[in-house]
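Below, chains carry the letters A, B, ... as their sequence lines are ordered, and counting in each starts from 1. Below, all heavy atoms of this structure are taken into account, side chains as well, without hydrogens, waters or symmetry copies.
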Amino acid sequence: MSNTSIKFADAAKSRHDFALIAKWIKPGAKVLDLGCGDGTLLGYLRDTLQVRGYGVEKDDANWLASMSNGVDVIQMDLEAGLSGFEAKSFDVVILSQTLQAVLNTEGIVQEMLRVGHEAIVTFPNFGYWRHRFQLIAGQMPVSKNLPYQWYDTPNVHLCTIKDFDEFCINHHIEVMERLVLTEQEPIHMMPNLRGSLAMYHLKPAE
Amino acid sequence: MSESSSIGIVAPQIAHFTEPLPLKSGEVLPQYDLVYETYGTLNAEKSNAVMICHALSGHHHVAGKYAETDKHAGWWDNLIGPGKPLDTNRFFVIGLNNLGGCHGSTGPSSIHPQTGKPWGSAFPVLTVEDWVTSQARLADYLGIKQLAAIVGGSLGGMQALQWTISYPERVRHALVIAAAPNLTAQNIAFNEVARQAIITDPEFHGGDYYAHQVVPRRGLRIARMLGHITYLSDDAMGAKFGRKLREGEIKYSFDVEFEMESYLRYQGDKFAGEFDANTYLRMTRALDYFDPALPHSGDLSRALAPAQADFLVISFTSDWRFSPARSREIVKALLDNELSVSYAEVTAAHGHDAFLMQDAHYHAILRNYLKKIKLGGPA
């Protein structure tokens with residue numbers, strides 16, 4: 001194992017959702033990671049599943065970290081769409097905890113399913129009971145998954161699991177698999193109330 | 001981390017080639033010289049060579065100085081040297097003057113072997129492909145089978161791209177900076193104005209001005225002034241010169257009144273005193289003609305199908321002559337071929353010239369990318 005492999009394995013330990021995302025990806029798949037940050041997820045997928053892939057990142061410091069970590073990364077703004085990528089040129093397109101910060105939400109999800117055969121979308125569940133309690137108490141929710149104050153949040157399109165399910169139906173998107181987590185534990189009962197992180201494995205409906 | 005410093009005193013060398021060079025135009029260059037410089041040491045495996053391709057007015061003197069007293073170092077000295085982003089403690093760096101140039105490689109001002117007079121108008125029109133062929137011969141001459149990297153900005157970036165098509169197995173990494181897959185109509189138009197300025201100068205004499213012992217200075221000067229405007233951004237010019245007057249007041253004359261005019265005239269005069277007009281014509285034509293997608297019905301992805309190198313593509317936000325959109329076309333073609341590619345769009349105010357500037361983020365990109373290049377052999 002190379003030094004970078006150890007680094008990615010270590011970094012991925014703190015991101016339990018990475019291992020769960022990996023379960024939805026076939027070994028050797030071609031992957032596009034939108035908003036790839038410092039490239040940890042792609043590096044982890046490359047080292048564990050031998051995936052081939054590219055990251056997309058807008059931020060200079062994140063871009064540099066990804067590239068320096070040995071991840072191929074394209075600097076561009078997701079809001080402009082994915083016109084630089086051919087239709088169905090990836091097995092899987094990933095949007096990990098970025099959906100809520102995207103302005104053109106409908107556009108980007110449609111672009112993901114144009115460019116990829118499948119998509120993986122993860123987001124913080126706004127319907128989580130702690131968030132609901134904070135609202136009832138009269139304040140905007142602040143939590144581990146939503147660590148921002150209302151005035152400095154990049155999150156502009158927060159949604160609940162119920163909202164996203166409805167979004168998928170209305171946009172002819174098939175939910176292949178769905179996983180809801182709280183503190184890294186899967187939630188099966190009342191996920192929209194008890195779950196803090198939602199993970200969706202999607203493809204265009206037949 | 002080691003301190004970065006200048007490569008120090010360097011000296012050019014000349015390689016003479018007797019094997020004729022068939023050109024894309026159909027003409028043949030019977031024999032030629034290439035002037036080049038090298039920095040750093042070629043390792044035993046000959047796996048650490050990096051070649052630098054120059055842009056329109058560049059040459060082989062890329063880094064270092066010829067004498068301590070030299071006012072200026074090589075044109076990309078901020079990038080190349082011990083501990084610099086392109087670290088000469090690790091890499092063996094080669095800079096050369098392209099054929100048709102006016103800094104020592106065979107060009108229009110060189111003596112024609114048959115006539116004993118300068119080539120002048122008889123010197124053939126060269127293409128990016130021709131240059132790359134001659135550069136590969138220089139690599140042969142230096143005993144280098146495969147380059148660790150080919151690096152170029154602007155017209156140099158086009159050469160780097162062409163290397164990956166012409167010699168896919170001979171280049172492991174390509175750094176294509178502020179380049180384009182071909183020139184836009186607007187770019188060709190700028191080049192044509194520059195050429196017209198030279199060709200219509202009464203002292204051009206159809207390109208054979210050497211015999212008359214004159215040079216078309218006025219034409220070359222205007223060509224350079226025009227070029228210079230396009231290499232800068234409106235913002236950069238505004239920040240540097242704005243509407244500043246040299247003497248603080250308007251004089252109702254056509255003399256130099258604005259600082260901008262003074263700068264342009266200085267740049268034009270300086271260039272006209274040291275560059276060859278015939279070379280300028282040929283360099284701009286090589287730019288115009290470059291279009292690797294042309295034989296593939298305009299499909300750049302098919303043109304790049306032979307490429308095997310790993311790519312780093314960089315553009316600059318304020319570069320309107322070789323805009324980020326043009327670099328994205330290159331990136332798309334590389335993605336279509338599933339090649340390894342990273343693409344950075346560097347926020348910079350300096351326009352096209354930004355690729356020569358010492359910007360911290362830009363240089364961090366180059367440093368970290370080059371650091372990742374494995375040189376083989378015992379690590």
Side-chain angles (χ1 to χ4, degrees), chain A residues 2-5 7-8 28-39 42-43 46 50-93 111 114-117, chain B residues 1 85 173-178 181 299-302 304-305 307 309-317 319 323-348 354 359-374 379:
Chain A
S2 73
N3 282 338
T4 52
S5 302
K7 198 171 91 187
F8 284 126
K30 193 178 166 198
V31 174
L32 182 65
D33 184 10
L34 304 179
C36 66
D38 63 5
L42 264 180
R46 186 190 58 206
Q50 288 72 50
V51 304
R52 300 161 296 140
Y54 304 90
V56 169
E57 180 57 52
K58 182 175 73 168
D59 177 73
D60 282 349
N62 279 336
W63 185 95
L64 188 62
S66 281
M67 189 276 284
S68 308
N69 282 332
V71 168
D72 283 336
V73 54
I74 310 298
Q75 189 165 31
M76 57 181 267
D77 187 353
L78 292 180
E79 303 290 355
L82 301 174
S83 60
F85 299 93
E86 284 291 326
K88 303 298 170 207
S89 58
F90 288 88
D91 296 310
V92 187
V93 182
E111 277 287 82
R114 177 185 68 82
V115 166
H117 292 280
Chain B
M1 200 166 157
H173 297 83
L175 282 70
V176 180
I177 305 166
D299 186 342
L300 187 63
S301 303
R302 271 171 55 205
L304 279 162
D310 290 354
F311 285 79
L312 174 65
V313 180
I314 301 176
S315 71
F316 300 90
T317 50
D319 183 353
S323 72
R326 304 311 316 280
S327 282
R328 286 197 291 265
E329 289 177 42
I330 296 172
V331 171
K332 168 147 195 323
L334 299 172
L335 288 171
D336 287 347
N337 284 297
E338 303 196 351
L339 289 160
S340 171
V341 53
S342 280
Y343 168 62
E345 211 163 283
V346 175
T347 303
D359 172 81
H361 179 59
Y362 169 46
H363 271 200
I365 292 169
L366 294 172
R367 180 184 293 279
N368 289 9
Y369 188 85
L370 290 162
K371 210 185 274 177
K372 286 194 307 168
I373 293 181
K374 293 186 183 74

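Remark: B:Glu345 engages B:Arg328, B:Tyr343 in a side chain to side chain donor-acceptor pair (under 3.5 Å) (not counting sequence neighbours). Annotation: side chain to side chain contact (heavy atoms under 4.5 Å, CB included) contacts of B:Ala307 (sequence neighbours excluded): B:Thr164, B:Leu304, B:Phe311, B:Leu339.
Looking at heavy atoms from C-beta onward, B:Leu312 lies out of side-chain contact with B:Val176 at the 4.5 angstrom threshold. The shortest side-chain heavy-atom distance between A:Leu82 and A:Arg114 falls under the 4.5 Å cut-off.
At least one donor-acceptor pair under 3.5 Å links the side chain of B:Asn337 to the backbone N or O of B:Ala333. For the pair A:Asp77 (side chain) and A:Ala80 (backbone), a donor-acceptor distance under 3.5 Å is absent.
Options B:Pro324, B:Ala344, B:Ser301 differ in how many heavy-atom pairs under 4.5 Å they form with chain A, and the most are formed by B:Ala344.
Below 4.5 Å, heavy atoms of chain B meet heavy atoms from A:Arg52, A:Tyr54, A:Asp60, all part of residues 52-61 of chain A.
The side-chain hydrogen bond (donor to acceptor under 3.5 Å, both in side chains) contacts involving residues 83-93 of chain A comprise A:Glu86-B:Lys332, where partners must be two or more places apart or lie in separate chains.
Contacts between B:Val341 and chain A at a heavy-atom distance below 4.5 Å involve backbone atoms as well as side-chain atoms. Of the atoms belonging to B:Glu329, not a single heavy atom falls under 4.5 Å from chain A.
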